Amino acid sequence: GVIKDLPFQFGSFHENCFMHTLKTANGYITVVVNGNNTVEKFGIVSNKQLNSKLLYGDGWNPKLNLLTINANETVVIKWD
C-alpha cells in the first residue's frame with residue numbers, strides 16, 4: 001500500500017505532528033513539526049538503509065531513530 005511505499009513515517013500516530021519528506025539527488029530531507037504544546041517522543045520508521053544527520057533543531061537520536069521534539073518546534077534531518 002501507499003504507507004509501505006513511503007520512505008519515512010512516524011512509528012505511531014501523533015496528533016498535530018507532521019512530517020514532510022523531500023527527495024534530493026543523494027537521499028532525502030525530512031522536516032518534522034510538533035504542533036502540540038507538549039514535548040513529543042516518537043520513532044521514525046524507514047524502509048531505507050540510510051545515514052542521518054541533524055540539520056536543524058535538536059532531540060534526534062540516530063542510533064535509535066528516535067526523536068524527542070519540544071512543543072511547537074521544527075526539526076530537519078538529512079538522510080543519505
Side-chain angles (χ1 to χ4, degrees):
V2 174
I3 298 296
K4 290 181 182 177
D5 295 336
L6 294 175
F8 305 96
Q9 58 185 309
F10 295 129
S12 60
F13 177 77
H14 287 265
E15 192 169 347
N16 298 319
C17 292
F18 308 96
M19 182 185 317
H20 299 281
T21 302
L22 305 153
K23 178 87 172 92
T24 67
N26 300 323
Y28 298 89
I29 302 271
T30 53
V31 179
V32 181
V33 178
N34 178 1
N36 292 310
N37 291 324
T38 58
V39 173
E40 295 288 335
K41 180 187 255 187
F42 43 77
I44 294 182
V45 179
S46 177
N47 61 11
K48 309 284 184 190
Q49 296 296 320
L50 300 171
N51 294 316
S52 63
K53 178 181 178 185
L54 186 66
L55 296 180
Y56 179 82
D58 57 13
W60 174 239
N61 183 331
K63 291 180 182 176
L64 300 176
N65 280 356
L66 186 66
L67 178 62
T68 303
I69 186 169
N70 290 323
N72 301 302
E73 290 288 328
T74 300
V75 170
V76 180
I77 303 168
K78 176 182 173 186
W79 305 83
D80 53 21

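Only this structure's heavy atoms are used, side chains among them; waters, hydrogens and symmetry mates stay out. From a predicted model like this one, the values you see are computed outputs, not experimental measurements.
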- How would you list, by chain and number, every residue that makes a ring pair (Phe, Tyr, Trp, His ring centres under 6.0 Å) with F8, sequence neighbours excluded?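 Checked F8 against ring pair (Phe, Tyr, Trp, His ring centres under 6.0 Å); matches are Y28, W79.
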- Sequence neighbours left out, what passes ring pair (Phe, Tyr, Trp, His ring centres under 6.0 Å) with F18? Give chain and number order.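 With sequence neighbours excluded, F18 shows a ring pair (Phe, Tyr, Trp, His ring centres under 6.0 Å) to no residue whatsoever.
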- If you take all heavy atoms of F10 and C17, which pair is closest and at what distance?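 In this case the closest contact between F10 and C17 is CE1-O, 3.7 Å.
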- Are M19 and L55 linked, directly or through other ILVMFWY residues, by side chains that come within less than 4.5 angstrom of each other?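 Unlinked, M19 and L55 end up in two clusters.
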- Determine whether L50 and I77 fall in the same hydrophobic cluster, where Ile, Leu, Val, Met, Phe, Trp and Tyr are linked whenever their side-chain heavy atoms lie under 4.5 Å apart.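 Yes; I77 is reachable from L50 via cluster members.
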Tell me, please, which residues at least two apart from [X] pass side-chain hydrogen bond (donor to acceptor under 3.5 Å, both in side chains).
| X | value |
| --- | --- |
| D58 | none |
| S46 | none |
| S12 | H14 |

- Query: Could you give all pairs that pass the salt bridge (Lys or Arg N to Asp or Glu O under 4.0 Å) test and reach residues 65-80, with sequence neighbours left out?
  - Reply: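 Sorted pair list: K78-D80.
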- Got a sec, which hydrophobics cluster with F13, joining ILVMFWY side chains under 4.5 Å apart, including via others?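 Besides F13, the cluster holds no residue at all.
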- Message: Quick check: do V45 and N65 have side-chain heavy atoms less than 4.5 Å from each other?
- Response: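 Not touching, per the 4.5 Å side-chain cut-off.
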Could you list the donor-acceptor pairs under 3.5 angstrom formed by side chains in residues 31-38, with sequence neighbours left out?
unit_1, atom_1, unit_2, atom_2, d
N34, OD1, N36, N, 2.8
N34, OD1, N36, ND2, 3.4
N34, ND2, T38, O, 2.9
N34, ND2, I69, O, 3.3
N34, ND2, N70, O, 3.1
N36, OD1, N16, ND2, 3.2
N36, ND2, E15, O, 2.8
N36, ND2, E40, OE2, 3.2
N37, OD1, N72, ND2, 3.0
T38, OG1, E40, OE2, 3.4

